[in-house]
Amino acid sequence: MNFYPFHVGDYTLRAAHLDPLEDLAYRRLLDLYYVNEEPIKGDAAAIARLIRMRSNAAEVAVVLSEFFEDTPDGWRHSHCDEVIAQYQ
C-alpha cells in the first residue's frame, strides 16, 4: 500500500502514553506493516534494524508487545489487517 488512512484522534487516544522513541517505533512499525501488507516477521532486534531503530530494540519490543499480537505468521495488528483486506 502506498496510502493508508491515518486518524490522528484515534492514534492519539491509543498512543498518547508512549514516550517519543516508542511513538516513533509505533509509527514506523505501522508503515512497515502497510508497505508489506503482511505481518512483521522477526524478533525485536531484527525488526528494530528494519525500521532504522537498531539501538532502540527495547522500545520496539515494548510497542510490539502492546499493540501487536505474536502469531506463527509474525506480529499481527488487527486494525492494519482490516484496512489491508479492504484495500485488496
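In this chain, residues are counted from 1 in sequence order.
Ring centroids of Tyr11 and Tyr26 are separated by less than 6.0 Å, placing the two rings close together.
The two atoms that bring Ala25 and Val60 nearest to each other are CB-CG2, 4.1 Å, heavy atoms only. Shortest non-hydrogen contact noted between Glu22 and Val62 is OE2-CG1, 3.6 Å. What you find for Glu66 and His17 is that their closest heavy atoms are OE2-NE2, 2.6 Å. The two atoms that bring Asp73 and Lys41 nearest to each other are O-NZ, 3.5 Å, heavy atoms only. The two residues Ala61 and Ala44 make their nearest non-hydrogen contact at CB-CB, 3.6 Å. Counting all heavy atoms, side chain and backbone alike, Leu30 lies closest to Cys80 at CD2-SG, 3.6 Å.
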Start with the C-alpha gap between Leu64 and Leu29, add the side-chain angles, then the distance that decides, and say whether side-chain contact (heavy atoms from CB on, under 4.5 Å) holds.
CA-CA 8 Å; Leu64 285 169; Leu29 288 167; 4.1 Å; yes

Begin with the C-alpha distance, continue with both residues' side-chain angles, and end with the deciding distance and a verdict on side-chain contact (heavy atoms from CB on, under 4.5 Å) for Leu21 and Met53.
CA-CA 9 Å; Leu21 287 173; Met53 294 186 72; 4.2 Å; yes

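Both the sub-6.0 Å distance and the 45° axial angle are not jointly satisfied by Arg76 relative to the ring of Tyr33.
Rounding to the nearest 0.5 Å gives a distance of 11.0 Å between CG of Asp23 and CZ of Arg28. In this structure, Asp43 CG and Arg49 CZ are separated by 12.0 Å, a value rounded to the nearest 0.5 Å. A distance of 4.5 Å separates CG in Leu32 from CD1 in Ile40, rounded to the nearest 0.5 Å.
Counting only N and O atoms by type, the side chains of Glu82 and His77 include no donor and acceptor under 3.5 Å apart.
Hydrophobic cluster membership is shared by Phe6 and Phe68, with clusters built from Ile, Leu, Val, Met, Phe, Trp and Tyr side chains linked at under 4.5 angstrom. Note on Val8: it clusters hydrophobically with Tyr34, by side-chain heavy-atom contacts below 4.5 Å among ILVMFWY residues.
Without hydrogens or angle criteria, Asn36 side chain to Glu38 main chain gives no donor-acceptor distance under 3.5 Å. Looking at Asn56, its side chain never comes within 3.5 Å of a backbone N or O of Glu59 through a donor-acceptor pair. Looking at Arg54, its side chain never comes within 3.5 Å of a backbone N or O of Ala48 through a donor-acceptor pair. Here the side chain of Trp75 pairs no donor or acceptor atom with the backbone of Phe67 at under 3.5 angstrom.
Residue pairs meeting the ring pair (Phe, Tyr, Trp, His ring centres under 6.0 Å) criterion with at least one member in residues 42-62, sequence neighbours excluded, do not occur.
Asp31 pairs by the salt bridge (charged side-chain N to carboxylate O under 4.0 Å, His left out) definition with nothing, not counting sequence neighbours.
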